[in-house]
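Report on one structure; see the data block that follows.
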Amino acid sequence: MSGTLRMRVFLVVLLIGSAAYMLKDTISYYTMDETQKEALIESGEMDEIRKNIIHKGLDLQGGMHVVLEVDLEELIKTRVEDSDAEIDALISNSLDEAQNNETEFFPTFAKNVNATNIRLARYFPIYEKGPNSDVMDALEADAKDAVDRAEEIIRNRVDQFGVSEPTIQRQGDWRIVVELAGISNQAQARELIQATALLEFVLVHEDPQLLDEVIRNIDKAWAADMGEEISEDSTDIVAEADTTVDETPSLADVLSGDEGDSLSITGTGDVGRPFSSLINVGSNTIWVPEENVRSIKRKLEKPAIAAAVSSDSKLAWGVSPRDITGDGRMHRALYLMKGTAELTGDVVTDARESLGGFSGAEFVVHLSMNDEGSREWTKITAGNVGKRIAIVMDGNVHMAGVIRDKIADGRTQIEGMNDLQDAKKLAVVLRAGALPAPMVIEEERTIGASLGADSVAAGTQATVFGFILVVIFMAIYYKGAGLVADIALVLNLGFTLAVLSTLNATLTLPGIAGLILTVGMAVDANVLIFERIREELRNAKTVKKSIDDGFNRALTTIVDANLTTILAAGVLWQFGSGTVKGFATTLFWGILCSMVTAIFITRTIFMVM
């Protein structure tokens with residue numbers, strides 16, 4: 001055996017060995033049982049294995065398909081200053097008209113604005129003052145930028161949450177498509193990608209008389225909504241409510257959850273008061289039995305009843321229900337807070353989940369602030385010692401702790417999470433940032449495991465049957481040379497899967513279609529070579545000479561045919577998205593590998609023979 005042939009054989013063996021090594025983790029992962037997988041997850045080894053395997057896509061293993069659309073009405077209204085009924089109605093009517101006529105919002109809005117005498121610069125002073133057309137252009141550009149930022153924020157959230165190979169892409173100007181393959185907790189994923197993540201630090205009102213007044217006003221508004229009246233001489237609502245709290249943790253080191261463990265709950269009135277009869281009051285906090293939360297929420301959303309709370313105050317619900325009476329009956333806190341936040345989440349630079357808290361066994365999220373936030377936090381905590389401050393996320397209170405001392409380093413923590421996954425989700429949302437506008441779920445589809453299994457079975461059968469038919473045809477038509485081509489075909493599939501495994505790629509049904517097409521293209525190269533060899537044999541050349549000339553003369557045609565396919569696959573990969581990219585990826589690497597097997601490995605086998 002010549003030195004050149006030895007080198008060729010060595011390279012072939014090296015390629016086969018490298019492919020086997022790259023496929024090791026993929027083969028191991030899909031052949032182990034659930035018990036073995038759980039053991040690897042607990043030991044921490046599974047994360048490393050998953051970095052080197054071929055993942056199954058949404059259509060193969062199930063998961064979530066969500067279409068999100070930006071809430072344009074809410075987005076534009078947040079840009080309005082000194083809002084009034086005229087501009088609010090103009091925005092709402094334009095949105096309804098655009099939806100009903102299936103037209104774009106901004107041209108419709110511009111048409112309706114031009115039909116009035118409104119000067120947009122008055123309502124949108126954040127843009128440079130100018131004619132309505134300039135403000136409209138700036139508003140539309142701002143809205144599109146908000147969607148771009150929302151897409152990136154959702155991508156960051158999903159990536160940090162640990163979903164393998166998610167698909168996140170734009171659909172039109174205002175929609176974002178999110179596909180999460182293999183997601184197990186769909187409700188949690190939905191909250192993760194939809195949460196606006198508006199973080200606020202808000203002081204809680206401590207005056208029991210103010211709370212009493214608010215409850216009285218809600219009672220009156222509620223009764224009026226029901227067509228009833230309340231006498232003015234009814235019993236005080238929060239009389240004798242115990243406002244003392246034992247063992248309230250300090251904010252000097254952390255922010256504690258709610259107000260501690262010792263609460264005195266006092267009944268809040270007779271059945272003549274519709275709101276009071278459904279609640280309890282303790283420690284300057286309204287406590288609502290869990291079974292009454294839904295009905296009270298609906299009532300408080302009515303404008304007439306919501307107006308019972310003064311403009312410089314607001315009500316916010318606590319996140320987690322608590323057994324405050326010790327009888328197993330769960331209550332939700334309803335806090336009366338200041339109308340404006342002392343600090344917002346813009347100053348948060350980092351958020352990390354961990355196990356900690358006062359007991360050392362609570363799930364918490366540690367927050368770090370920038371220099372500006374640290375300075376403001378120092379002022380806030382120094383000036384409000386002894387008062388409660390609530391950490392509010394998207395309008396819900398995660399905790400309301402008492403400030404015991406000044407906090408000078410800008411560090412604090414959020415407690416009250418049910419488990420580590422809740423803490424991780426909150427930390428991810430805070431790190432990735434707040435969405436610039438609310439996102440509404442327009443479409444949501446869940447692909448179950450059974451559908452995924454059917455897809456896997458159908459795709460696998462198609463690949464196997466196609467492969468077997470090609471192998472049989474080559475063996476019958478080209479005899480011994482056909483068997484050599486079949487060996488190259490098996491190696492081609494192995495090399496392609498090895499590359500996909502190294503790329504940590506996701507295999508989808510279109511990807512399987514790309515593999516099947518690769519099989520046909522790989523055989524096509526061998527057919528060109530074998531037919532050229534037959535021509536040389538008919539010209540009375542020796543077998544060795546015919547093989548050499550056959551490979552040499554077919555080379556140009558093979559490279560030309562495969563190169564055009566590779567270029568087409570590259571264009572599909574660059575400009576396509578989702579399933580098109582999956583098809584293009586497998587086709588691109590499959591064709592490259594087929595050129596190696598057809599031109600180099602097949603010829604090496606012939607040379608050895």
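All values derive from a computational prediction rather than experimental measurement.
Smallest separation of non-hydrogen atoms from Arg8 and Phe600: NH2-O, 3.2 Å. Closest approach of Ala525 and Ala598 over heavy atoms only: CB-CB, 3.7 Å. Of all heavy-atom pairs spanning Ser594 and Asn492, the tightest one is N-OD1, 3.0 Å. Across every non-hydrogen atom of Val470 and Asp486, the tightest pair is O-OD1, 4.3 Å. Across all non-hydrogen atoms, the minimal contact from Gly494 to Leu23 is O-CD1, 3.7 Å. A pairwise comparison of heavy atoms in Ser94 and Thr108 identifies O-CG2, 3.7 Å as the closest pair.
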Before you tell me yes or no, could you show the steps for Val571 and Leu567 under side-chain contact (heavy atoms from CB on, under 4.5 Å), namely the whole-Å CA-CA distance, both residues' side-chain angles and the distance that decides it to 0.1 Å?
CA-CA 6 Å; Val571 171; Leu567 290 173; 5.6 Å; no
Verify side-chain contact (heavy atoms from CB on, under 4.5 Å) between Asp524 and Leu528, making sure each step is shown before the conclusion.
CA-CA 6 Å; Asp524 180 61; Leu528 287 173; 4.2 Å; yes
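In this structure, Thr586 and Thr518 have side chains that are not in contact, with every pair of non-hydrogen atoms separated by 4.5 Å or more. Looking at heavy atoms from C-beta onward, Thr585 lies out of side-chain contact with Phe588 at the 4.5 angstrom threshold. Looking only at side-chain heavy atoms (C-beta outward), Val499 and Leu503 come within less than 4.5 Å of each other. With a 4.5 Å cut-off on side-chain heavy atoms, Glu140 and Phe109 do not count as touching. Counting heavy atoms from C-beta on, the side chains of Met474 and Val523 come closer than 4.5 Å. Contact check for His65 versus Glu443: side-chain heavy atoms found under the 4.5 Å cut-off. You'll find the side chain of Val177 stays beyond 4.5 Å of the side chain of Val66, heavy atoms only. Put simply, the side chain of Leu587 does not reach to within 4.5 Å of the side chain of Trp573, judged on heavy atoms.
Judged by distance alone, the side chains of Ser501 and Thr26 do bring a donor and an acceptor atom under 3.5 Å apart. Using modelled atom types, one finds a donor on one side chain and an acceptor on the other under 3.5 Å when comparing Tyr478 with Glu531.
For Leu15, the side-chain contact (heavy atoms from CB on, under 4.5 Å) criterion is met by Phe495, Val596, not counting sequence neighbours. With sequence neighbours excluded, the residues satisfying side-chain contact (heavy atoms from CB on, under 4.5 Å) with Thr602 are Val484, Ala488, Asn526, Phe551, Phe606.
Atom OG1 in Thr542 sits 8.0 Å away from atom CG in Asp548 (nearest 0.5 Å). Asn562 CG to Met595 CE: the interatomic distance, rounded to the nearest 0.5 Å, is 5.0 Å. In this structure, CG on Leu469 lies 11.0 Å from CZ on Phe467, to the nearest 0.5 angstrom. Rounded to the nearest 0.5 angstrom, Trp589 CH2 and Ile566 CD1 are separated by 9.5 Å. To the nearest 0.5 Å, atom CD of residue Glu536 and atom CG of residue Asn552 are 9.5 Å apart. Here CG of Leu555 is found 8.5 Å from CZ of Arg603. Values are rounded to the nearest 0.5 Å.
Around atom CG of Asp371, no more than 12 heavy atoms belonging to other residues, nucleotides or ligands sit under 6.0 Å away. Around CE of Met7, the count of heavy atoms belonging to other residues, nucleotides or ligands within 6.0 Å does not exceed 12.
With salt bridges taken as basic N to acidic carboxylate O contacts below 4.0 Å, none links Arg532 and Asp549.
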